[in-house]
Each structure stands twice: as structure tokens, then as C-alpha cells.
Amino acid sequence: MLVVSVCIWLNPLFAASTDSMQIKGSDTMVNLVQSWAEEYMNINHDDFIAVTGGGSGTGIASLISGTCDIAMSSREIKTKEIDMAKQRGIEPHEMKVALDGLAVVVNPKNPVDKLTINQLADIFTGRIKNWKELNGPDQKIVILSREVNSGTHVYFKEHVLRNNDTASKKEFAPSALLLSSSQAIADEIASNPAAIGYYGMGYISKAQKAIAVAKDARSAYITPTIDNVIDGKYPISRPLFFYTKGLPQGIVKSFIDFILSSKGQEIVIDTDFVPIKR
Amino acid sequence: MRKFKESIIEKLIIVCGLASIFFVILILLFLLKEGLSVFKTAGFVDFILGRKWYPISEPAQLGILPLIIGSLLVTFGAVVISVPIGVACAVFIAEVAPSRIKELLKATVELLSAIPSVVLGFVGMVTLVPWIKNIFHLPTGLTAFSGSIMLAFMAMPTIVSIAEDALYSVPKTYKEGALALGATHWQAIYRVMLPAASSGILAAVMLGIGRVIGETMAVMMITGNAAVIPTSLFQPVRTLTATIAAEMGETVVGSEHYFALFAIGIVLFIISFLINVTADLFLHKKR
């Protein structure tokens, strides 16, 4: 609420000067877009770009209400949201700016190192409750998830739990711990051999082990690496989007040209995301 | 002139008092305006007694019973921990401690209330949570119990300072009378002072509970946030406050989920209103 009001208050300030813009949205993308913005401002000294988080939904909402120039989103815009935008005379324009592989992680002490999408769905919906059902130790599985309205949470539910089936009604087990950030999940995984969680590839460190994932029992098990995500082999990866009002113009356009350039895509790798192309 | 000044100040105070009542009413009206619409779609009973909280699914399942029980359980745990320690601390400060230690203790307790809850939450997350996991051999340390311990820290300053005031306001003659009748110091405290101050101490406890049930940041960080109906203190829970805080950021304004969060606000408002009224009743009984 406060952030929104500050944003509304600041908006006229930014609108007054032509070389500044406001980018808002996905918390997953904040660091990446911030790096882009810093590099861009190093090259173009007169321009000013403000990047704030708040979540994909917040970003799209403020694009619709006209309080930001670019909404960053880790999920596709919903039809409902497009309708709302059109009512206000805004035509959202979608661009893929990077990819993100979603890693499923466990503690390195856990012997389980490969799973199928179906097994993952069974774990996260609570059908498989003990690691021994997956040839692991006799230990209750602790499910870690992001908050219900994080784009990552929604993506994981739709593409893993429901396996892209829109009619499916599967939900995360009520016993899943909802943690407020990817870092919180990383910390809990690092100290808890019974836990399993998921987050963007960038958060993997030596304290966590990424699980190799297969589409089904007959497919190959693929580890989340940059190459596997670009090639489309790794089954749980997603595009990261920018939404603008209509076709990008002025500073918005020159910023987007910059991030799609090879220099911009290098920054993607530096911030542990996956470039659109190599 | 002096009278004139006085009357102006008096009126200012009345205006301030009325304004605060006015604001509370406005807040309540706003909550009702935003939150009541959810009862049309979800139904009041289904909302309060529903066991499933999946606010962004289609169709959304909006049942907050796990959240209410989660809040009450964490609060209950915090009260069980903080009340005996808090009251004992107040007795020690008011009756036993030599004056130097008394001042030091008072300052420390007040300092405790100045620590931002997010800091306590963070400290809890990195120290308390792993301990609890190891000591009790739990699958995870993010439990209602961890939340209770951290909240007990937050309720303590309120309980100590108000209970201590209550003990001070017991007329000295009571204690002197007890001692004159041959009671030991401990007997005088236990049999005379505490019962005489009981309504003030109860009010202290109620205000402590009020502080605890509204706390958000620390509970969000260390209770694990799982919307299940807990069967013990050693399970993850999700509280009403943490739900609002965690989900407010990304709800689409005007959606059913958004209104449901306001409806949770109404429930919280009612709970803290009841607690405050109860505390007030006890405080007034004393006078």
C-alpha cells in the first residue's frame, strides 16, 4: 500500500523529465533488471531508471494503472488483466527478456538426486510423504514453497503439480511451509536434510543440491544448467517478461534494445539467469 | 488569562480524544466496506470455519480456520511462557531487587521493547529455529513453538512494566500490615501484594496478549506459514497477521482474494477489540 502510494506520488516527478522511467514487478527479476539499469545508466548518463519489486502481480497492476513504464513479470499476463488494461486504453506489449530455470533442490546429504515431474507433483501435493518411498532415508518430507502469489509459486503449481493440465485441481499440500523468499528456502534447505524446495537457478550454491528432473519415467533426467535451459531440455524453465504500454518508444525502447544486445544478455549470465540465446 | 489557556488546552485534549475515536471508527468502516463483500460469495460460516486456504485457485477456497487456530496457538504458547516470567520479573523489580539493580532491570526491559520485531524474527530464524529442530528432533524448526518463544520476548516488556505499576499502586499499609502480623517477605508478596494487584496484573497480561496477537513480522519469519490445523505446538502454523502481510503485496486490487484479506482484518480487529475491552474491564475494576 505504502509502496504504491509512494509510486503514485513520485510518478509526476518522473513524468516531468523525459529521460527517466519506472520499472516495477517481479521480485525474481529485481536484481537482474537492476544490473541492467545500472549498466545502462553508466552508458547513458542523462537517463534515470528506477527499479522496484513487489511481485509480478503488482507490476502488471501498476502498468494498468499507469504508474510504471515497464512491468517485469515472471508469469504471462492473464486475460483478465489484459481486459482491465484495454478498458483503460492500454495495450500491453509482451517481450521475453531472459529465461529462468527452476531448480528443485534438496540438502546435499539427501541421497535422492533424480525425480520425474510426476514424482515431484506427488511430493508437493503431499501424496508421497516419506523419503523412503523414493529410495531415500526413512524421513518425513518437509515441503518448502514460495508464498501463494509469487509468480514462481504459480508457475510451479501449473507446470509441475498440474503438469500443464488446466482442468487439474491439484494444490500444494496444506502442510507445505510457505517461505517469504527464495533465500529463506535456500537457508532452510542448507540446514534441513529432509526438506525439498524450488527456486530460480541463481540461488543454487554448494549448500544445496539440484535434482535432475525428467518429463516422465522414460525420458532422460536433466540437470538445471544454462545450456540445458536454453536448449529447452530442462523441463521446468520459464521465460521472464517485460510488459510495456503499446510498442516501446523513446527511453523504454533504447533500454530494451540494450538488454537484448549481447552486452545485455551477458549481464543475464552474470546475475545467474539464462540468456534467451547464446 | 490562565483560565483561558486552561480551557483551550482542555478543549484540545477533548478534540484529540474524539479524533482517535473517530479514526478507529473510520478504520472499522473501511475494513467493513472492503471485507464484507467476501461474505456474499464465500459465506460467513464457510469463511470462518473453512479448513482450506487456497486464495488464488479457481475457484478460490477461502477458509481461515487454520489461520485462526494458528494465531491462537502461537499466542497461547507465548502467554504460557511470558506471563510467569513477566510477573515474576515485575515482582522482583517492585519488591525484591536493590535499587541499583532495579533501575538497570527496568532500563533493560524497556530496551527489549525497542528492538524491532523484524530483528527479533531474524535472530530467531538463524539461532532459535535450528536449536528447536535439533533439541526436539523435528523435521523442521519453523514451528508455532519458535514463534511463541519470540513473541514471549515481545510481550514481556508490556507485562513487566504494567504489572510492576500495579504492584506499586498497592497501598504500602497492606504490606506493612502483613509483615506486622508476622508474615515473611515472601508470604506478604504471595498472599497480600499479588492478590491486591491482581486486576492490574490481569490487565497487563491482556495487553501483552494484544501485543502478541497483532505481531506480524517475526511470526511470518519463523512459524513456517503452513495453513494446516495444527495438532501440537511443534508444527508449522500460519497466523492471521502473517497471511495478510505475505499476500497483500501481490493481490489484484478488487479481487476476491483482496477482499478476503480485508475480511481477515475484520476478524483480527474483533479479536483485538475483545482483548482490549477485557483488559479495560480489569483495569477499571481496580479503581
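Proteins come first, then strands; the chains are lettered A, B, ... in the order of their sequence lines, and each starts at number 1.
In this structure A:F124 satisfies the side-chain contact (heavy atoms from CB on, under 4.5 Å) test together with A:L120, A:I143, A:F156, A:L161, A:F172, A:I196, A:Y198, sequence neighbours excluded. Checked against side-chain contact (heavy atoms from CB on, under 4.5 Å), A:K86 has the following partners two or more places apart in sequence or in another chain: A:I82, A:E91.
Other residues, nucleotides and ligands contribute over 12 non-hydrogen atoms within 6.0 Å of the CZ atom of B:F47. Within 6.0 Å of the CZ atom in B:F39, the count of heavy atoms belonging to other residues, nucleotides or ligands exceeds 12. Atom CZ of B:F234 is surrounded by more than 12 heavy atoms from other residues, nucleotides or ligands within 6.0 Å. Other residues, nucleotides and ligands contribute at most 12 non-hydrogen atoms within 6.0 Å of the NZ atom of B:K52.
Of the atoms belonging to A:E81, it is side-chain heavy atoms, and not backbone ones, that fall under 4.5 Å from chain B. Contact of A:A176 with chain B is made through the backbone alone, with heavy-atom distances under 4.5 Å. With a 4.5 Å cut-off on non-hydrogen atoms, A:S175 touches chain B through its backbone and its side chain both. For a residue to count as touching a neighbouring chain, one of its non-hydrogen atoms must lie under 4.5 Å from one of that chain's; by this rule B:R238 touches chain A with the side chain only. With a threshold of 4.5 angstrom between heavy atoms, B:P55 approaches chain A through side-chain atoms but not through N, CA, C or O. Looking at A:A173, only its backbone comes within 4.5 Å of chain B, counting heavy atoms on both sides.
Once rounded to the nearest 0.5 Å, the distance linking OH of B:Y54 with NZ of A:K169 reads 13.5 Å. Atom CD of A:E147 and atom CE of B:M220 lie 7.0 Å apart (nearest 0.5 Å). With values rounded to the nearest 0.5 angstrom, A:L177 atom CG is found 9.5 Å from B:T223 atom OG1.
Using a 4.5 Å heavy-atom threshold, the side chains of A:L179 and B:M221 count as separate.
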**Report entry** Residues B:L142, A:V142; criterion side chain to side chain contact (heavy atoms under 4.5 Å, CB included); working and verdict
**Finding:** CA-CA 11 Å; B:L142 298 163; A:V142 176; over 6 Å; no
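Along residues 206-214 of chain B, no residue comes nearer than 4.5 angstrom to chain A, judged on non-hydrogen atoms. For residues 128-140 of chain B, the interface with chain A (any heavy-atom pair closer than 4.5 Å) comprises B:K133, B:P139, B:T140, sorted by residue number.
A salt bridge does not link B:E256 to A:K80: none of the charged side-chain nitrogens sits closer than 4.0 Å to a carboxylate oxygen.
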